Student: 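To start, I am sharing the structure in question, which I have written as structure tokens.
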Amino acid sequence: MIDFQLFRLMVYPSKQINMFEEEKSPSEILKDTIFTLPSAELRKGIIWHIGNISSIKDDGLYFRVGRTSKSTIAVYQDGNFADEEFETAPYTHVILDIPLEICAIARNTKLSPKTAGIANQFIRLLNGSAHARHVHANFEIGEVNDPEDFITHLRGAFAISRFWITFSRPNAFDVNEDFYKPMEKLLKESDGKKGKTELAGSNLKPDSLEDLARTAASTGNDAAAWLIPEKEHAKVKKSLKGNPIIVSQDNIADDEQRETLLQRIRNLYQKIRRTKSI
């Protein structure tokens, strides 16, 4: 069984457009950068790579991310002990929905104790690639957390006194227009990268907060609240973070299995956003 964790990619194209080149969407820039098969020495003697790229129908990609390094092993041969050098190349699987900019990265503790560690190296690969430098694009990645448990606490609370969310520069589509978009616009105009907004009151309404929590989850951001679960109980803090979405599948050796996994990922993501499935 292979366990995949969901992540949201954010692509930020340059403000300066080369008049001699065709303007491309963030999703196209992401795809083009991956297809250049970037490699980089992210730590001395350890080189990370992207490889084994293949297309999945309906705008999907399968590829592998891994690292190569030199190691030695003690051997005994023909009456002698010796150290023999060899190259190790552990890797993991990645499934990407190009238009949604959602990827699922398979767990592999040989690469990192946590899948988020692999995601961070993957994004460093993209940002350090020659293509990213050429088009002056920047990439970010965030964990997609399951908002359902957090939303259940919001709905069932006796009172909610504080609620806050984090947000990134404009990139996400289909987010809360009335609240989230103005904050993203302000962050962009301020040339910032991350922002945080907090609401306070004696009893905030959970309905509006649920929409914001789903937006935060779908864009790889965070949300949290101080609430009173029941009358005469002490306040407790509940957070969106810490509930990563994991998708398990027996195998992804062939195209059909990869298509199945891609569709499962899409359905889960659309459920978070509470929109119709693709």
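Residues take their numbers from the sequence shown, with the count starting at 1. Computed from a predicted model, the values in this text were never measured in an experiment.
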Student: For the CG atom of D3 and the CG atom of N108, what is their distance to the nearest 0.5 Å?
Tutor: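 D3 CG to N108 CG: 11.5 Å, rounded to 0.5 Å.
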Student: Is the closest side-chain heavy-atom distance between I50 and L126 below 4.5 Å?
Tutor: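 When only atoms from C-beta onward are counted, L126 and I50 do touch, with a gap below 4.5 Å.
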Student: State, with a plain yes or no, whether a side-chain heavy atom of I272 is found less than 4.5 Å away from one of P147.
Tutor: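 In contact.
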Student: Angle between ring planes, F63 versus F122, binned at 30° and 60°: parallel, tilted or perpendicular?
Tutor: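 It falls in the tilted class, 30° to 60°.
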Student: Is a donor from one side chain sitting under 3.5 angstrom from an acceptor on the other, for Q257 and Q249?
Tutor: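 Judged by distance alone, the side chains do not pair up.
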Student: Quick check on R155: does its CZ atom have over 12 non-hydrogen neighbours (other residues, nucleotides or ligands) under 6.0 Å away?
Tutor: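 Yes, because the 6.0 Å sphere around CZ of R155 holds more than 12 heavy atoms from other groups.
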Student: I'd like to know whether CZ of R64 has more than 12 heavy-atom contacts from other residues, nucleotides or ligands below 6.0 angstrom.
Tutor: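 Counting neighbours around CZ of R64, more than 12 heavy atoms of other residues, nucleotides or ligands fall under 6.0 Å, so yes.
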Student: Please tell me if the side chains of N127 and N138 come closer than 4.5 Å, counting only heavy atoms from C-beta onward.
Tutor: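 SC-SC contact between N127 and N138 confirmed.
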Student: Determine whether K31 and L96 make a side-chain contact, defined as any pair of heavy atoms from C-beta on separated by less than 4.5 Å.
Tutor: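 No. Closest side-chain heavy atoms not under 4.5 Å.
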Student: Is the backbone of G128 close enough, under 3.5 Å, to the side chain of R133 for a donor and an acceptor to pair up by distance?
Tutor: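 Present.
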Student: Is there a side-chain contact between I252 and R258 in this structure, where contact means two heavy atoms from C-beta onward sitting under 4.5 Å apart?
Tutor: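 Answer yes - side chains close enough.
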Student: Quick one: does S239's side chain have a donor or acceptor within less than 3.5 Å of a partner on A224's backbone?
Tutor: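 Answer holds: no.
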Student: Within the distance-only criterion (no hydrogens, no angle test), does the side chain of E41 pair as donor or acceptor with the backbone N or O of G45 below 3.5 angstrom?
Tutor: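 Side chain of E41 to backbone of G45, a donor-acceptor pair under 3.5 Å: yes, one is there.
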Student: Identify, with sequence neighbours excluded, every residue that meets side chain to side chain contact (heavy atoms under 4.5 Å, CB included) alongside K70.
Tutor: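 Listed in chain order: E85, E87.
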Student: Is the shortest heavy-atom distance from the side chain of S54 to the side chain of L61 under 4.5 Å?
Tutor: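 They are not in contact (no side-chain heavy atoms under 4.5 Å apart), so the answer is no.
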Student: Looking at N243, is its backbone amide N or carbonyl O close enough to the side chain of N145 to form a donor-acceptor pair, meaning the two atoms are under 3.5 Å apart?
Tutor: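 Yes; at least one donor-acceptor contact below 3.5 Å.
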Student: Quick one: closest heavy-atom pair of T33 and I29, and the distance?
Tutor: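 Scanning both residues completely, I find the closest heavy atoms to be OG1-O, 2.7 Å.
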Student: Might you point out which heavy atoms bring I46 and S69 nearest each other, and give the distance in Å?
Tutor: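 Heavy-atom minimum between the residues: CG1-CB, 4.2 Å.
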Student: I'd like to check the salt bridge (Lys or Arg N to Asp or Glu O under 4.0 Å) partners of K110; sequence neighbours left out, ordered by chain and number.
Tutor: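 Listed in chain order: nothing, the list is empty.
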Student: Going by an N to O cut-off under 4.0 Å, is there a salt bridge joining E259 and R264?
Tutor: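 Between R264 and E259 there is no salt bridge, as every charged N stays at least 4.0 Å from the carboxylate O atoms.
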Student: Does the plane of the ring in Y91 sit parallel, tilted or perpendicular to the ring in H93? Use 30° and 60° as the thresholds.
Tutor: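 Correct class here is perpendicular.
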